[in-house]
Every structure is written in structure tokens, then in C-alpha cells.
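FYI, side chains are in, hydrogens and waters are out, and symmetry mates aren't considered; it's all heavy atoms of this structure.
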Amino acid sequence: QVQLVESGGSLVQPGGSLRLSCAASAASGTIFSINDMAWYRQVPGKQRELVAHILNGGTTNYADSVKGRFTGSRDNAKNTAYLQMSSLKPRETAVYYCYATVRTLANRKSVPFWGQGTQVAVSS
């Protein structure tokens, strides 16, 4: 069992910055590797939206709406992904979710996992 735990969400003023983290963990003794990681966001009543897709090598593809303001990255040694967000806008208030495809030694197949989400509120 692999868990993705997001952190860093909070209330921030418009124009402010936040750094989200997504830490992947597993039971003791479980060896796993993460393939793709991604950040999504969702507001009530709307579809979950892809924000940043971070490939294993670190290359990141961004939604057009966040290009130039958000930076996705990952530290494979720490099994952690990050989303640095700047110049935040009120309409970007949402629950931000971490997503990852994970392979364990016990199961050579990659399996998708979602984090529980972290709330980001952009408001003055």
C-alpha cells in the first residue's frame, strides 16, 4: 500500500505564494518507485483539472493557465513532489490533489494513487 500525502495548503492573499508538497510513503519493507507524478485541482461542482504533470526525469508540463507562475518539481530520492505556486489568483482556490503512478517490487505493474487533497484558499 502506497500513500500520497499532500501538505502546504492554506489561506493566502491574492498575489501570494504557496509551496505544496506530496510525499509518497509505504509500509516498512515495501520498495517502490514512482513513475509519473502530477498535481490536479478541483473546486466543488467542477471537474478535476490537471495543473502540472511531472515526468520521472523531472520534465514538467503545465496547464496554460499556470505557466510562468507555477513550478512543479520532484525529489526522487525523497519520493516527494512539489508545486511552487506564485501570483495566486482567487479563482485558483481549490483542493489540490497529488497523483502518482507507482510500481512496487512485489507488483511490477504501475498503479495509480491519489492523495487526499490539500485546501488552497486565495482570498483577501
Side-chain angles (χ1 to χ4, degrees):
Q1 180 79 4
V2 176
Q3 297 182 45
L4 304 178
V5 180
E6 304 98 332
S7 62
S10 68
L11 173 65
V12 62
Q13 295 184 14
S17 299
L18 282 175
R19 182 174 183 259
L20 306 183
S21 298
C22 171
S25 62
S28 179
T30 300
I31 300 175
F32 67 96
S33 62
I34 303 173
N35 296 316
D36 287 7
M37 302 191 78
W39 288 97
Y40 289 76
R41 64 188 178 193
Q42 187 172 29
V43 299
K46 299 186 68 176
Q47 291 184 314
R48 192 166 295 184
E49 173 191 23
L50 176 64
V51 176
H53 178 202
I54 311 168
L55 301 176
N56 188 54
T59 300
T60 305
N61 299 312
Y62 300 95
D64 288 341
S65 62
V66 307
K67 286 182 179 178
R69 298 186 298 112
F70 289 14
T71 301
S73 62
R74 62 192 289 172
D75 185 337
N76 288 340
K78 297 180 179 180
N79 292 315
T80 301
Y82 306 93
L83 185 66
Q84 178 66 50
M85 305 181 293
S86 62
S87 301
L88 282 161
K89 305 172 182 180
R91 63 178 175 270
E92 293 175 317
T93 294
V95 176
Y96 283 69
Y97 294 92
C98 181
Y99 168 91
T101 54
V102 181
R103 178 181 60 81
T104 67
L105 289 181
N107 186 355
R108 303 293 296 274
K109 304 296 183 181
S110 294
V111 178
F113 288 89
W114 288 93
Q116 82 290 342
T118 185
Q119 176 69 240
V120 173
V122 186
S123 176
S124 59

Practice task
Find out whether I54 and Y82 are in side-chain contact, i.e. whether some heavy atom of one side chain is under 4.5 Å from a heavy atom of the other.
Solution key: no
Handout entry: Side chains of V51 and Y62 in contact at under 4.5 Å (non-hydrogen atoms)
Key = no
Fill in the blank from the handout: Between L18 and the options L83, L88, T118, the side-chain contact (heavy atoms from CB on, under 4.5 Å) test singles out L88
Exercise for the section: Find the distance between CE (M37) and CG (L55) and round it off to the nearest 0.5 Å. Expected result: 12.0 Å
Exercise for the section: Please check if the side chain of T80 supplies one atom and the backbone of K78 the other of a donor-acceptor pair under 3.5 Å. Expected result: yes
Handout entry: Heavy-atom side-chain proximity of V66 to R41 below 4.5 angstrom
Key = yes
Practice task
Using modelled atom types only, decide if a donor and an acceptor are shared between the side chain of N35 and the backbone of R103 within a distance under 3.5 Å.
Solution key: no
Problem - Minimum side-chain heavy-atom gap T104-T30 below 4.5 Å - result: yes
Handout entry: Where at least one partner belongs to residues 91-124, residue pairs that pass disulfide bond (SG atoms under 2.5 Å apart), sequence neighbours excluded
Key = C22-C98
Practice task
Taking all heavy atoms of L20 and all of G8, pick out the closest pair and write down the distance.
Solution key: CD2-C, 3.5 Å
Handout entry: Side chains of M85 and Y96 in contact at under 4.5 Å (non-hydrogen atoms)
Key = yes
Problem - Donor-acceptor contact below 3.5 Å, side chain T60 vs main chain G72 - result: yes
Practice task
Please report the shortest heavy-atom distance between L4 and A24, naming the atom on each side.
Solution key: CD2-CB, 3.5 Å
Fill in the blank from the handout: Excluding V5, membership of its hydrophobic cluster (Ile, Leu, Val, Met, Phe, Trp, Tyr; side-chain heavy atoms within less than 4.5 Å) reads none
Handout entry: Whether over 12 other heavy atoms sit under 6.0 Å from Q3 CD
Key = no
Handout entry: For D64, side chain to side chain donor-acceptor pair (under 3.5 Å) partners two or more places apart
Key = K67
Practice task
Please check if the side chain of R74 supplies one atom and the backbone of G57 the other of a donor-acceptor pair under 3.5 Å.
Solution key: no
Fill in the blank from the handout: For Y97, the other hydrophobic cluster members (4.5 Å side-chain criterion, sorted by chain and number) are Y40, L50, V95, Y99, W114
Handout entry: Partners meeting side chain to side chain donor-acceptor pair (under 3.5 Å) with S87 (sequence neighbours left out)
Key = none
Problem - S124 versus P14, closest heavy-atom pair with distance - result: N-CD, 3.6 Å
Handout entry: Side chain proximity check, V120 to E92, heavy atoms < 4.5 angstrom
Key = no
Completion exercise
side chain to side chain contact (heavy atoms under 4.5 Å, CB included) filter on S86, not counting sequence neighbours, yields S17, R69
Handout entry: Distance-only polar pair, side chains of E6 and Q116, donor-acceptor under 3.5 Å
Key = yes
Problem - Beyond-backbone contact of V111 with V102, side-chain heavy atoms, under 4.5 angstrom - result: no
Practice task
Could you please spell out the steps behind the side-chain contact (heavy atoms from CB on, under 4.5 Å) verdict for I34 and T101?
Solution key: CA-CA 6 Å; I34 303 173; T101 54; 5.6 Å; no
Handout entry: Q42: which of Q47, R48, E49 passes side-chain hydrogen bond (donor to acceptor under 3.5 Å, both in side chains)
Key = R48
